[in-house]
2 protein chains.
Amino acid sequence: MQLSNSSQYAIRILSYMALHKESKLLNATQLAEALQIPYKFLTKIMTEIVKSGLVVSIRGRDGGYKFEKPTSEIMVNEILSIFHDSIPDEQCVLGIGFCNGLCKCALHDQWMEPKHLMQKMFQESSLEDIAGKGCKF
Amino acid sequence: MQLSNSSQYAIRILSYMALHKESKLLNATQLAEALQIPYKFLTKIMTEIVKSGLVVSIRGRDGGYKFEKPTSEIMVNEILSIFHDSIPDEQCVLGIGFCNGLCKCALHDQWMEPKHLMQKMFQESSLEDIAGKGCKF
DNA sequence: TCCAATTACTACTTATAGGTAGAATTATAA
DNA sequence: TTATAATTCTACCTATAAGTAGTAATTGGA
Ligand code: SF4
Ligand code: SF4
């Protein structure tokens, strides 16, 4: 019942980038250092994020990563889906079957509520939101 | 964001047993057949459950498994904790840190609500509840 | 006593997530 | 043009979950 390491790292990386968006480009070395994430693993994750289109990379000397669109338009859920970690509507907490509304177990209705809250939380929180509010990490 | 296979199987096995508690003992072959769980994996899981004390096993001919205490007193959360799948209070959805109430991120408060609902769901649902209500599976 | 039916134990295999190493590619600045 | 600093690619390693195989231990009954 927890997000994968990759998703967790991705959220930390991108919210750090959102918080430091005044510096046009941030490179992997800086990010790995600031966030204490293994450099090699960070670059692996960043490559996936770049492929997804959320971030663009500039290669070569003085290269780095930057956002393509405003951080207010990037939702946490988009990050999670890169790593297959977003919560699909048909996901069952017990993993027994798929919800079809016809046949449901005793926990089904109780599961709907926290599921919807989490989906809403991920879908409606932008990078700007999470980078701008609360503690900075 | 999903329970482990072992937890899912365990819930299915035990709720099936709760539903068939009139038959004093149920053996691994019957359970594996009825629930379509690989026999060898089922026995592995059952051995862990027996060790936890939720269920007692009778070895030898005509042996099998049965509950030690009433199914109304066995909570889903007890099953999950055998497989380290229950949700601890300090669990963070982002995995960034541990909640201490002093420093929290933008998602912390939004995460508390679904977390508490899930904890409550697991802690307050007994095997009798989930076996007796809703679809039988 | 001996057989058959049962769970328990030990060890292995497979699949996946997490993480690391090194070379290839790209682009800038000097 | 060339050295250098950066991302990207390919391949590997490690840890853990998931699943399988074979055997030992236990029990009841013929
Ligand atoms: S009814 Fe219960 S078992 Fe079926 S999909 Fe919903 S939560 Fe899962
Ligand atoms: S404040 Fe945010 S990052 Fe920290 S433990 Fe709570 S949910 Fe996790």
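In what follows, every chain begins at residue 1, and chains take the letters A, B, ... in the order their sequences are listed.
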>> Using a 4.0 Å cut-off to any heavy atom of chain B, which nucleotides of DNA chain C are the first and last in contact, reading 5' to 3'?
In response: C:dA5 to C:dC9

> Under the 3.5 angstrom rule, does the side chain of A:E113 hit a backbone N or O of A:Q110 as a donor-acceptor pair?
Replying inline: no

> How many angstroms lie between atom CD of B:Q119 and atom CG of B:L80, to the nearest 0.5 angstrom?
Replying inline: 11.5 Å

> Between atom CG in B:D62 and atom C1' in D:dA30, what is the gap in whole Å?
Replying inline: 13 Å

>> Tell me the interatomic distance from A:L42, atom CG, to D:dT8, atom P, rounded to whole angstroms.
In response: 11 Å

> Do the side chain of B:K21 and the main chain of B:P70 share a donor and acceptor less than 3.5 angstrom apart?
Replying inline: no

> How long is the line joining CG of A:L26 and P of D:dA6, in whole Å?
Replying inline: 12 Å

> Checking all strands, does B:T43 fall into the base, sugar-phosphate, or nothing category for heavy-atom contacts under 4.0 angstrom?
Replying inline: nothing

>> Check for me, please, whether A:L117 and A:I130 land in the same ILVMFWY cluster - side-chain distances under 4.5 Å, paths through other members count.
In response: no

>> If you apply the rule side-chain contact (heavy atoms from CB on, under 4.5 Å), what do you find for A:L26 with A:Y65, and how did you get there?
In response: CA-CA 5 Å; A:L26 286 169; A:Y65 303 100; 5.7 Å; no

> To the nearest Å, how far apart are B:R59 CZ and D:dT23 P?
Replying inline: 17 Å

> Taking protein heavy atoms under 4.0 Å as touching, what does nucleotides 13-21 of chain D look like 5' to 3' if B marks base contact, S marks sugar-phosphate-only contact and - marks none?
Replying inline: -----SBBB

> Going through the distances and angles, do A:M118 and B:W111 end up as a side-chain contact (heavy atoms from CB on, under 4.5 Å)?
Replying inline: CA-CA 7 Å; A:M118 286 190 286; B:W111 162 234; 3.6 Å; yes

> Closest to the B:R61 side chain: D:dA24, D:dG28, D:dC9?
Replying inline: D:dG28

> Any salt bridge (Lys or Arg N to Asp or Glu O under 4.0 Å) pairs touching residues 50-78 of chain B, not counting sequence neighbours?
Replying inline: B:K69-B:E78

>> Keeping A:D85 on the side-chain end and A:L3 on the backbone end, is there a donor-acceptor pair under 3.5 Å?
In response: no

